[in-house]
Chemist: 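The following block contains the structure, expressed as structure tokens.
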There are 2 protein chains.
Amino acid sequence: PSERELGEQFKVSRVTVRQALQHLEAEGVIYRQNRRGWFVTPPAVIYDPAKHLSFNLYVSKQGYTPHTDKLMQQVEPANKEIAQLMSIEKGAPILFLHRRRYIDRRPVLIEKMYINIDLLPGIENEDLTQSLSQLLLNKYQHQYRDMDLSFTATALPEHVAKDLATSTGQAGLHVKRINFTDDKKVLEIDYEFWRHDAVKIEISIRD
Amino acid sequence: PSERELGEQFKVSRVTVRQALQHLEAEGVIYRQNRRGWFVTPPAVIYDPAKHLSFNLYVSKQGYTPHTDKLMQQVEPANKEIAQLMSIEKGAPILFLHRRRYIDRRPVLIEKMYINIDLLPGIENEDLTQSLSQLLLNKYQHQYRDMDLSFTATALPEHVAKDLATSTGQAGLHVKRINFTDDKKVLEIDYEFWRHDAVKIEISIRD
DNA sequence: CTGTTAATCTGGTATATACCAGAAAACTTT
DNA sequence: AAAGTTTTCTGGTATATACCAGATTAACAG
């Protein structure tokens with residue numbers, strides 16, 4: 001029901017209803033879509049970065065339907081941070097890829113990827129709504145192995161919230177991933193913003 | 001300044017001030033202490049679970065001062081979940097340890113640990129405000145190796161928020177950790193609730 | 001039937017106001 | 001000087017109301 005209806009039903013003001021709904025949202029029980037209403041949160045998908053599975057694969061394995069939108073793709077000059085991480089010159093061309101990913105038609109993840117085009121010639125002409133890891137394996141015989149991961153729980157930036165059709169300031173999980181080739185070069189850098197309620201990260205450490 | 005002062009200063013209502021402050025809080029720029037006021041968030045500590053360092057060690061290595069409160073300690077019967085994970089009988093004695101941990105006098109983490117007392121006889125008589133990993137190493141020659149980790153970004157439960165002197169519904173990071181012995185027995189299960197703005201998790205995966 | 005326009009519904013943001021609960025400070029009393 | 005009490009200040013919760021922005025739906029025109 002809408003906020004106004006809930007207010008009437010429970011004889012409280014709309015402001016109070018909103019606070020209560022925002023509490024439930026913080027717990028991950030419900031979520032909202034911008035000016036469309038409140039919905040029950042579906043179960044979170046389990047994501048194990050160390051398993052090197054593609055989004056499409058682990059989402060469908062868990063019984064959900066994945067989908068990917070390509071928001072932008074272009075070859076662009078590397079900025080300072082990317083250049084430094086990839087050990088290339090600032091301004092050297094890299095492939096930038098901006099995608100939105102869905103689980104059961106719900107947008108849950110915005111990712112921005114910076115791909116080392118030197119190591120993957122011709123990749124900019126491939127279909128990049130598909131699984132990148134599959135493509136790397138089939139066309140370039142590259143398999144993800146070593147990676148550096150970083151997680152922070154933080155609010156979704158404004159443009160990300162917009163792309164996910166949620167409200168600004170919504171809680172999210174920020175993941176940064178650096179993928180290396182077998183010979184320790186930086187293959188790809190990935191910045192992910194997840195809806196906080198859409199994912200649970202599980203990693204096994206085996207020394 | 002207080003919410004009322006800010007409202008006067010910028011000629012907006014207190015409700016609006018609160019919303020703005022809550023946005024900044026979600027971004028991790030500021031935080032509040034229950035009925036004490038709003039404060040600037042100090043830098044987050046970097047936590048790498050795979051490095052097997054103790055809280056005291058990695059916090060002080062990064063230039064901060066760690067501190068630990070023991071909120072509760074008792075030998076108690078294992079509940080179903082714990083018993084199952086530890087492969088012991090439900091109701092068998094385990095050591096429960098409830099601690100609050102500080103960085104530079106700011107409470108940032110509540111942890112509840114369930115320790116397999118069979119593998120660590122006499123541990124309940126040790127000083128458990130100190131580093132557990134140090135104790136395990138010195139007294140039992142146990143070193144953390146394999147572990148299963150799980151992360152979710154979620155609101156702090158009511159009692160956790162209270163223990164951290166913050167407001168209910170505050171964003172947090174929930175970490176579950178299962179530590180194994182060298183021979184693959186479950187040594188200890190750890191449930192951690194972090195302030196979302198106090199920690200950044202970094203893991204290197206090297207296959 | 002199709003495309004366009006207008007009305008309606010949704011949450012998002014804002015005002016002003018009131019009272020409560022607990023932390024901190026000021027003031028007593030001993 | 002120390003201990004207890006009161007006051008003041010803080011955020012926390014709640015009311016009622018208003019208008020905005022965008023998504024959805026209904027009505028209309030061709």
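Numbers restart at 1 for each chain; the letters A, B, ... are given by sequence-line order, proteins then strands.
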Chemist: Do the side-chain N or O atoms of A:S2 get closer than 4.0 angstrom to the phosphate oxygens (OP1, OP2) of C:dT10?
Modeler: yes
Chemist: Tell me: CG of B:L156 to P of D:dG12, nearest whole Å?
Modeler: 14 Å
Chemist: Atom CD of B:Q22 to atom P of C:dG12: distance rounded to whole Å?
Modeler: 14 Å
Chemist: In residues 150-160 of chain B, what donor-acceptor pairs under 3.5 Å come from side-chain atoms, sequence neighbours left out?
Modeler:
none

Chemist: Let's see if you can work this out: which of C:dT10, C:dG11, D:dT13 has an atom nearest to the side-chain heavy atoms of A:E5?
Modeler: C:dT10
Chemist: Is the phosphate of C:dG12 approached by A:R18 (side-chain N or O, under 4.0 Å from OP1 or OP2)?
Modeler: yes
Chemist: What integer distance in Å separates B:E158:CD from D:dT13:P?
Modeler: 10 Å
Chemist: Please tell me which of B:G37 and A:R4 maps to the more 5' nucleotide of DNA chain D, matching each residue to the nucleotide holding its nearest heavy atom.
Modeler: B:G37
Chemist: Does B:R14 have any salt bridge (Lys or Arg N to Asp or Glu O under 4.0 Å) partners at least two apart in sequence or in another chain, and if so, which?
Modeler: B:E3
Chemist: By salt bridge (Lys or Arg N to Asp or Glu O under 4.0 Å), which residues pair with A:D163, not counting sequence neighbours?
Modeler: none
Chemist: Students often get this wrong, so: under 4.0 angstrom with heavy atoms, is B:V12 touching a base, only sugar-phosphate, or nothing?
Modeler: sugar-phosphate
Chemist: Measure the distance from NZ on A:K11 to P on D:dT13 and round it to the nearest whole Å.
Modeler: 23 Å
Chemist: Produce the list of close N/O pairs, under 3.5 Å, pairing protein atoms with atoms of nucleotides 21-23 of chain D; give distances to one decimal.
Modeler:
from: D:dA21; atom 1: N3; to: A:R35; atom 2: NH1; distance (Å): 2.9

Chemist: By side-chain contact (heavy atoms from CB on, under 4.5 Å), which residues pair with B:E126, not counting sequence neighbours?
Modeler: B:L128, B:L135, B:K139
Chemist: Would you say the side-chain atoms of A:R100 and A:T68 include a donor-acceptor pair closer than 3.5 Å?
Modeler: no
Chemist: If the test is side chain to side chain contact (heavy atoms under 4.5 Å, CB included), which one of B:H67, B:R101, B:K61 qualifies with B:N56?
Modeler: B:R101
Chemist: Report all interatomic pairs (protein N or O, nucleotide N or O of nucleotides 4-8 of chain D) with separations under 3.5 Å.
Modeler:
none

Chemist: Rounded to whole Å, please give me the gap between CG in A:L24 and P in C:dG11.
Modeler: 14 Å
Chemist: Measure CG/B:L6 against P/D:dT10 and give the value in whole Å, please.
Modeler: 10 Å
Chemist: Tell me: CG of A:L21 to C1' of C:dG11, nearest whole Å?
Modeler: 10 Å
Chemist: Please table the atom pairs, donor to acceptor, closer than 3.5 Å between any side-chain atom in residues 46-55 of chain A and protein atoms at least two apart or in another chain.
Modeler:
from: A:Y47; atom 1: OH; to: A:R177; atom 2: NH1; distance (Å): 2.6
from: A:D48; atom 1: OD1; to: A:A50; atom 2: N; distance (Å): 2.9
from: A:H52; atom 1: NE2; to: A:A50; atom 2: O; distance (Å): 3.1
from: A:H52; atom 1: NE2; to: A:R145; atom 2: O; distance (Å): 3.4
from: A:H52; atom 1: NE2; to: B:D207; atom 2: OD2; distance (Å): 2.8
from: A:S54; atom 1: OG; to: A:L57; atom 2: N; distance (Å): 3.1

Chemist: Taking atom C1' of C:dG22 as reference, at what distance in whole Å does atom CG of B:D163 sit?
Modeler: 16 Å
Chemist: In chain order, what residues pass the side-chain contact (heavy atoms from CB on, under 4.5 Å) check against A:V12, with sequence neighbours excluded?
Modeler: A:F10, A:T16, A:V17
Chemist: Compare the minimum distances between each of C:dC19, D:dC19, C:dA14 and the side chain of B:R14, then state the nucleotide with the smallest one.
Modeler: C:dC19
Chemist: Give me the atom names and distance for the closest heavy-atom approach of A:I115 to A:L97.
Modeler: CD1-CD2, 4.4 Å
Chemist: Within less than 4.0 Å of OP1 or OP2 of D:dT10, is there a side-chain N or O belonging to B:R32?
Modeler: no
Chemist: Kindly write out the residues that satisfy side-chain contact (heavy atoms from CB on, under 4.5 Å) with B:T65, not counting sequence neighbours, or none if the list is empty.
Modeler: B:D104
